[in-house]
K.L.:
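Dumping the structure here so I can ask a few things about it.
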Amino acid sequence: MTHLAVALDGFGWHPAAWRRATHDPAAVFAPGYWAALVAEAEAGLLDLVTLEDGVGLQSSRHDALDDRVDQVRGRLDAVLVANAVAPLTARIGIVPTATTTHPEPFHLSTAIATLDHVSSGRAGWRPQVSSRSQDAALFGRRTVPTSSLAGYLVGDPDAVALVRELFDKAADGVEVVRRLWDSWEDDAVIRDVATGRFVDRDRLHYIDFTGERFSVKGPSITPRPPQGQPPVVTLAHARIPYEFAARAADVVLITPQDAADAARIVAEVRQAEARVGRAGTPLLVLADLLVFLDDADDVAAARQADLDALDGTRLTSDAAIRTTTPERLADELLAWQEAGIAGFRLRPAQLPHDLERITRGLVPVLQGRSAFRTRYESDTLRGHLGLARPACRYAAAGPSSAAS
């Protein structure tokens, strides 16, 4: 069966989508807009939605801010949006993006654990690094040299060193977060009115993490999440991010251009797992595609051309762009699965139009081919993804010094 997710951002992944919006453009800053999108995704039985976020303002440039005022700038905090929409849904996984570069892992841990409690076990987390010096200046605690993605891709030593440092810090941060999620055993909250004991302090644990970048004692202030460990989902494009995914994540999002490219990247991911000595469940690999979907190819192409004209340039993306029908897209998705892809995260070019073409067009086609669920069979995101609930790593350690 195919795993299927959607990535929600602004009025869609085309930067001019807001100019053809069926909503008031101010709706992007209203929780009701996001609640309606997530509800539509849940009606389509999707595994999860991801909510985009970033430290600084959006930019058409990777390494700096731009001066454009004709594209959406500004957004609501993804974790807070997730907490707002979670009680309005029942089954779909909700995965906000939150950077690891500047916030402290202790705060990230409690934020995602809280979302897992609010959603009754449907939270995930998409950790992201921030390499822009302008973003660092917003916090004022450290400086980050201006990086160049192009420099990293061609092997510039300074750019490679910066990317390695950012992802090494991210891996340490995720490890701290995961240990904090385990710092409360599942039955630590006993709520025994007769004895007056709300918490069993012997079931709270110091994590005593000491590394090059963090020294965190713990325990968390938030009880263990319902899933134990909310799934960690990361986007990766090259060797260092693949290794980060292998060290820290449950799900990796990749950006192949075709089926052959998908097979090559899956092989790279498996090699990265071997290099870092990943143990246990292999990464679940999902492929990203940016989609314009309509009942006919020429209608979808005309819609993209219209948005491109409004933006003044043809759309480009790190992910492959597909301008087609739900039926043709289904053909391609199923062909890609033969390359080792477990599923897909689709980026709707225009919201809500392309989201509805996914839920009301693509999903029925996949169901008709016995390739997608016809009902939810799990109540948790880990369940949707086929991931077992992990045991608390500290549960067998005996009484903790956190009790003293």
Side-chain angles (χ1 to χ4, degrees), residues 1-5 46-48 50 91-95 100 108-109 112-113 115-116 119 121-128 167 170-183 185-186 207 224-237 239-254 256 262-288 336-345 371-373 376-396:
M1 298 292 285
T2 302
H3 295 289
L4 204 57
L46 304 190
D47 292 62
L48 62 97
T50 60
R91 293 293 188 91
I92 193 165
I94 305 173
V95 183
T100 59
L108 292 168
S109 171
I112 302 302
L115 175 61
D116 207 42
S119 65
R122 293 180 289 118
W125 172 34
R126 190 169 87 83
Q128 185 178 64
F167 279 99
D172 281 357
V174 174
E175 178 62 20
V176 172
V177 167
R178 287 188 179 278
R179 293 191 188 195
L180 287 167
W181 285 339
D182 278 350
S183 65
E185 295 184 32
D186 290 320
I207 69 168
R224 193 167 193 240
Q227 295 180 100
Q229 294 276 321
V232 175
V233 180
T234 187
L235 176 66
H237 300 93
R239 179 183 177 119
I240 292 176
Y242 295 150
E243 291 176 355
F244 166 69
R247 293 167 62 187
D250 302 288
V251 179
V252 62
L253 308 169
I254 62 172
R264 177 188 63 80
I265 295 174
V266 170
E268 286 193 41
V269 168
R270 301 307 176 207
Q271 291 164 9
E273 291 177 324
R275 282 196 301 272
V276 305
R278 181 184 177 94
T281 306
L283 281 164
L284 196 67
V285 182
L286 305 185
D288 266 23
W336 281 29
Q337 285 198 289
E338 297 178 7
I341 302 294
F344 302 87
R345 185 181 72 151
F372 193 68
R373 67 172 65 90
Y376 282 116
E377 297 180 353
S378 171
D379 295 325
T380 69
L381 178 53
R382 293 190 73 90
H384 299 339
L385 298 174
L387 300 173
R389 186 181 188 277
C392 173
R393 73 189 71 192
Y394 302 113

K.L.:
Could you state the interatomic distance from CZ (R382) to CG (D116), rounded to the nearest 0.5 Å?
P.N.:
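Separation between the atoms: 10.0 Å.
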
K.L.:
Carefully, step by step, assess L253 and V233 under the rule side-chain contact (heavy atoms from CB on, under 4.5 Å).
P.N.:
CA-CA 7 Å; L253 308 169; V233 180; 3.8 Å; yes

K.L.:
For L283, is there any backbone N or O sitting under 3.5 Å from a side-chain donor or acceptor partner on R270?
P.N.:
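Side chain of R270 to backbone of L283: a pair is present.
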
K.L.:
Report yes if the side chains of R126 and V251 come closer than 4.5 Å at any heavy-atom pair, otherwise no.
P.N.:
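Not in contact.
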
K.L.:
Look at R179 together with E175 and state whether they make a salt bridge at an N to O cut-off of under 4.0 Å.
P.N.:
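Yes, charged N to carboxylate O under 4.0 Å.
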
K.L.:
Do you know the tightest heavy-atom contact between A249 and T234?
P.N.:
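Smallest interatomic distance, heavy atoms only, reads CB-CG2, 3.7 Å.
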
K.L.:
Heavy atoms only: give me the nearest A339-A263 pair and the separation to one decimal.
P.N.:
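Of all heavy-atom pairs spanning A339 and A263, the closest is CB-N, 3.6 Å.
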
K.L.:
Could you work out, with side-chain hydrogen bond (donor to acceptor under 3.5 Å, both in side chains) as the rule, every residue matching R264, not counting sequence neighbours?
P.N.:
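Residues passing side-chain hydrogen bond (donor to acceptor under 3.5 Å, both in side chains) with R264: D261, E268.
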
K.L.:
Closest approach of P226 and R389, non-hydrogen atoms and distance?
P.N.:
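Heavy-atom minimum between the residues: O-NE, 2.8 Å.
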
K.L.:
Could you tell me whether the side chain of F244 reaches within less than 4.5 Å of the side chain of V276, counting heavy atoms only?
P.N.:
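With C-beta onward as the side chain, the pair stays apart.
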
K.L.:
Can you confirm whether I207 sits close enough to V176 that some side-chain heavy atom of one is under 4.5 Å from a side-chain heavy atom of the other?
P.N.:
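In contact.
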
K.L.:
Which heavy atom of D182 sits nearest to which heavy atom of C392, and what is that distance?
P.N.:
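Scanning both residues, the minimum pair turns out to be O-SG, 2.9 Å.
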
K.L.:
Does any non-hydrogen side-chain atom of E185 lie less than 4.5 Å from one of Y394?
P.N.:
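Sidechains of E185 and Y394: no contact.
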
K.L.:
Measuring from atom CG of L286 to atom CZ of R345, what distance do you get when rounded to the nearest 0.5 angstrom?
P.N.:
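Atom-to-atom, L286:CG and R345:CZ are 9.0 Å apart.
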
K.L.:
Do the side chains of R393 and R178 get nearer than 4.5 Å, heavy atoms only?
P.N.:
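In contact.
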
K.L.:
To the nearest 0.5 Å, what is the distance between OG1 (T100) and CG (L108)?
P.N.:
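One gets 8.0 Å once the value is rounded to the nearest 0.5 Å.
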
K.L.:
Is any side-chain heavy atom of I341 closer than 4.5 Å to a side-chain heavy atom of I254?
P.N.:
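In short, these two side chains touch, coming nearer than 4.5 Å.
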
K.L.:
Quick one: do E377 and M1 satisfy side-chain contact (heavy atoms from CB on, under 4.5 Å)? Show the steps, please.
P.N.:
CA-CA 13 Å; E377 297 180 353; M1 298 292 285; over 6 Å; no

K.L.:
Using only atom types and a distance under 3.5 Å, with no angle test, would you say the side chain of H3 pairs donor to acceptor with the backbone of G386?
P.N.:
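Side chain of H3 to backbone of G386: no pair is present.
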
K.L.:
Less than 4.5 Å apart, side chain to side chain, heavy atoms only: is that true for I112 and V177?
P.N.:
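With C-beta onward as the side chain, the pair stays apart.
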
K.L.:
Drop me the distance from R247's CZ to F167's CZ, to the nearest 0.5 angstrom.
P.N.:
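The CZ atom of R247 sits 11.0 Å away from the CZ atom of F167.
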
K.L.:
Once side-chain hydrogen bond (donor to acceptor under 3.5 Å, both in side chains) is applied, do any residues pair with R278, and if so which ones, sequence neighbours excluded?
P.N.:
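R278: no side-chain hydrogen bond (donor to acceptor under 3.5 Å, both in side chains) contacts found.
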
K.L.:
Measuring from E273:CD to E243:CD, what's the distance to the nearest 0.5 Å?
P.N.:
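Rounded to the nearest 0.5 Å, the CD-CD separation comes out at 11.5 Å.
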
K.L.:
Rounded to the nearest 0.5 Å, what separation is found between the CG atom of L46 and the CZ atom of R91?
P.N.:
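Separation between the atoms: 14.0 Å.
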
K.L.:
Would a 4.5 Å heavy-atom cut-off, applied to side chains only, mark L385 and D47 as touching?
P.N.:
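In contact.
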
K.L.:
Write down the atom of G124, the atom of L115, and the distance for their closest heavy-atom approach.
P.N.:
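What the structure gives for the nearest pair is O-CD2, 4.5 Å.
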
K.L.:
Report the relative orientation of the aromatic rings in W125 and W181; use parallel for angles under 30°, tilted for 30 to 60°, perpendicular for over 60°.
P.N.:
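Perpendicular, since the angle between the ring planes exceeds 60°.
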
K.L.:
Specify the closest pair of heavy atoms between P230 and A123, including all atoms of both residues, with the distance to one decimal.
P.N.:
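Closest approach of P230 to A123, heavy atoms only: CB-O, 3.4 Å.
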
K.L.:
Is there a donor-acceptor contact under 3.5 Å from the side chain of R122 to the main chain of I92?
P.N.:
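Yes; judged by distance alone, with no hydrogens or angles, the pair exists.
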
